[in-house]
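Before any comments, here is the structure.
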Amino acid sequence: MPNEPLRMQLDCPLPTLDFEQITLGHGSGGLLTHRLLDGGVFSLLKNEHLDKQGDAATLTLTGRTAFTTDSFVVSPIFFPGGSIGELAVNGTVNDLAMAGARPVALSLALILEEGLSTEDLWRVLVGVKAACETAGVEVITGDTKVVERGKGDQVFINTTGLGTVHPDADLSASRVVPGTKLVVSGQIAQHGIAILSLREGLEFETTVESDTVNLNHTVWSLLDQFGGDIRFLRDATRGGLGTVLVELAQQSGAGVSLKQAALPVDGQVEAACEMLGLDPLYVANEGVFVAAVAPEVADDFVAALRSDPNGRHAAVIGEVVEAHPRQVVLQSRIGGRRVVTMLPGEQLPRIC
């Protein structure tokens, strides 16, 4: 669940260190660097690969392999439902999952700002560990750098992931043809509104939490059940659901017909979007993906997703059509129609 890593922090007490803040010396490669790594990263994330503390980890991989990398600069670094730590792991694991892959190993590179408290760094690392354990993956190599005060924003993270591709995965926009049904795995815009509510001090009846979660187990199970009937997968992160669908239309060459009434949006999130003048279609998600599936399995696919904790609000939201090629057309609740395009700029910067 999204807030599980936060609860785990209570079980991982901060180690006894002889410094309270990160200094430039912690990035020097000398004694302070070793104290930081030994007392923090290596002790918390230890495994047979990381314990060797070499310049590179060695792996033996068989079959098709997926490879991805991502960087995370979210502000603030702690938010309702998570932190930059689990966000970094989940984001990379999910990119592998969208390629039909099960994660095998991750790298973790930390860019720390001088003055960062060791307590905050520890909380971030605990988030990394919790997300790794839930996803069933290990950090096997990494790097740490420190920049001067004012030249970073507490913590930036880069993660790279390797994964083995499911034998039945055949995922490509070229397989998305008219008649294909489009499914979204959950309620949209949760992550972006959780971040914005913290930045702007917005209050709701209940806390809006980020949907950050790893999706690899969910996707692997779906591939076991539906195999090649799943034609395309994409997680709707930065740019939101709308951007993913526009990309799909352009890459496939077909049109996309989208029904606003079918979009799953939490009532508080929708109200916040209306108040702030935001379109939920373009607000970032961190635990939601779009699937394009064969029409004959669409209902069973949604039922399977709804039986999974990560897909309780899954829904068919539209289909691929011959009309209006390379365009997404939204049918509104009141019967109007509008073309969904990509935003020219960033609605919410520093969201992931």
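Checking N214 against T134 by side-chain atom types alone, no donor-acceptor pair falls below 3.5 Å. Inspection of the S197 and E200 side chains reveals no N or O donor paired with an N or O acceptor under 3.5 Å. For the residue pair T212/S210, the side-chain donor-acceptor check at 3.5 Å is not satisfied. A donor atom on one side chain and an acceptor atom on the other are not found under 3.5 Å apart for R64 and T164. With no hydrogens or angles considered, a side-chain donor-acceptor pair links S71 and N158 at under 3.5 Å. Under the 3.5 Å distance criterion, with hydrogens and angles disregarded, no donor-acceptor pair is assigned to the side chains of H313 and D266.
Under the 4.5 Å side-chain heavy-atom criterion for grouping Ile, Leu, Val, Met, Phe, Trp and Tyr, L223 is not connected to L96 through any hydrophobic cluster. Two different hydrophobic clusters hold V89 and V73 under the rule that ILVMFWY side chains link at heavy-atom gaps under 4.5 Å. Cluster annotation: V321 and V177 are assigned to distinct hydrophobic clusters (Ile/Leu/Val/Met/Phe/Trp/Tyr, side-chain heavy-atom contacts under 4.5 Å, transitive). Under the 4.5 Å side-chain heavy-atom criterion for grouping Ile, Leu, Val, Met, Phe, Trp and Tyr, V329 is not connected to V256 through any hydrophobic cluster. With hydrophobic clusters built from ILVMFWY side chains whose heavy atoms lie under 4.5 angstrom apart, M98 shares a cluster with L305.
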Apply side-chain contact (heavy atoms from CB on, under 4.5 Å) to residues W122 and L44 and explain how you reach the verdict.
CA-CA 9 Å; W122 184 253; L44 186 64; 3.8 Å; yes
Between T92 and D70, is a side-chain hydrogen bond (donor to acceptor under 3.5 Å, both in side chains) present by the stated rule, with each step listed?
CA-CA 6 Å; T92 299; D70 207 347; 5.3 Å; no
Worked verdict on L245 versus V340 for side-chain contact (heavy atoms from CB on, under 4.5 Å)
CA-CA 9 Å; L245 295 177; V340 176; over 6 Å; no
Taking it one step at a time, do Q331 and Q260 satisfy side-chain contact (heavy atoms from CB on, under 4.5 Å)?
CA-CA 6 Å; Q331 180 179 336; Q260 185 180 34; over 6 Å; no
Give the intermediate values and the outcome of side-chain contact (heavy atoms from CB on, under 4.5 Å) for residues I140 and L59.
CA-CA 10 Å; I140 64 170; L59 292 172; 3.7 Å; yes
Step by step, would you call D279 with R338 a salt bridge (charged side-chain N to carboxylate O under 4.0 Å, His left out)?
CA-CA 13 Å; D279 188 335; R338 70 176 175 91; 2.9 Å; yes
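Inter-residue side-chain proximity for L215 and V288 is flagged as unmet; no heavy-atom pair is nearer than 4.5 Å. The closest side-chain heavy-atom distance from V137 to V104 is not below 4.5 Å. For the pair I317/L258, a side-chain contact is recorded, criterion being any heavy-atom separation below 4.5 Å from C-beta on. The shortest side-chain heavy-atom distance between L121 and L36 falls under the 4.5 Å cut-off. Taking 4.5 Å as the limit, some side-chain heavy atom of L87 sits within range of a side-chain heavy atom of C352. Side-chain contact check for L106 versus T160: every heavy-atom pair is 4.5 Å or farther apart. Looking at heavy atoms from C-beta onward, V290 lies in side-chain contact with L241 at the 4.5 angstrom threshold. Taking the side chain as every heavy atom from C-beta outward, I193 and C273 approach each other to under 4.5 Å.
When all heavy atoms are compared, the tightest approach of F232 to L171 is N-CD2, 3.8 Å. For the pair D170 and R175, the tightest heavy-atom approach, listed with the atom from each and the gap, is O-NH1, 2.6 Å. Smallest separation of non-hydrogen atoms from G25 and L32: O-CB, 3.5 Å. Contact record, H191 with D211: CB-OD1, 3.4 Å, taken as the closest heavy-atom pair. Across all non-hydrogen atoms, the minimal contact from V320 to A254 is CG1-CB, 3.4 Å. What you find for V293 and T180 is that their closest heavy atoms are O-CG2, 3.3 Å.
Looking at T207, its side chain never comes within 3.5 Å of a backbone N or O of E209 through a donor-acceptor pair. Remark: side-chain polar atoms of D235 are not paired, donor with acceptor, to backbone N or O of T237 under 3.5 angstrom. A donor-acceptor contact shorter than 3.5 Å is absent between the side chain of S117 and the backbone of Q21. Judged purely by atom type and a 3.5 angstrom limit, N47 uses its side chain to pair as donor or acceptor with the backbone of L50. Using a distance-only test at 3.5 Å, with no hydrogens or angles considered, no donor-acceptor pair links the side chain of D168 to the main chain of G227. At least one donor-acceptor pair closer than 3.5 Å links the side chain of N94 to the backbone N or O of V213. Side chain of S221 to backbone of H217: no donor-acceptor contact under 3.5 angstrom is found. Side-chain N or O atoms of S75 include none that pairs as donor or acceptor with a backbone N or O of R350 at under 3.5 Å. Side chain of N285 to main chain of A236: a donor-acceptor pair is present (N/O by atom type, distance under 3.5 Å, no hydrogens or angles). A donor-acceptor pair under 3.5 Å is absent between the side-chain atoms of S83 and the main chain of G127, judged by distance alone.
Taking 4.0 Å as the cut-off between side-chain N and carboxylate O, R234 and E247 count as a salt-bridged pair. Taking a cutoff of 4.0 Å between a charged side-chain nitrogen and a carboxylate oxygen, R123 and E119 do not qualify as a salt bridge.
Q53 CD: more than 12 foreign heavy atoms inside a 6.0 Å radius. Within a 6.0 Å radius of CZ in R238, no more than 12 heavy atoms belonging to other residues, nucleotides or ligands are found. Around CG of D143, the count of heavy atoms belonging to other residues, nucleotides or ligands within 6.0 Å exceeds 12. Within a 6.0 Å radius of CG in L31, more than 12 heavy atoms belonging to other residues, nucleotides or ligands are found.
To the nearest 0.5 angstrom, R333 atom CZ is 14.0 Å from K259 atom NZ. How far CG of L196 is from CG of L278: 6.5 Å, rounded to the nearest 0.5 Å. In this structure, CD on E114 lies 5.0 Å from CZ on R149, to the nearest 0.5 angstrom. In this structure, CD1 on I157 lies 8.5 Å from CG on L112, to the nearest 0.5 angstrom. Here the CZ-CG distance, from F289 to L233, works out to 6.0 Å after rounding to the nearest 0.5 Å. Between the CG atom of L348 and the CD1 atom of I195 there is a distance of 9.5 Å, given to the nearest 0.5 Å.
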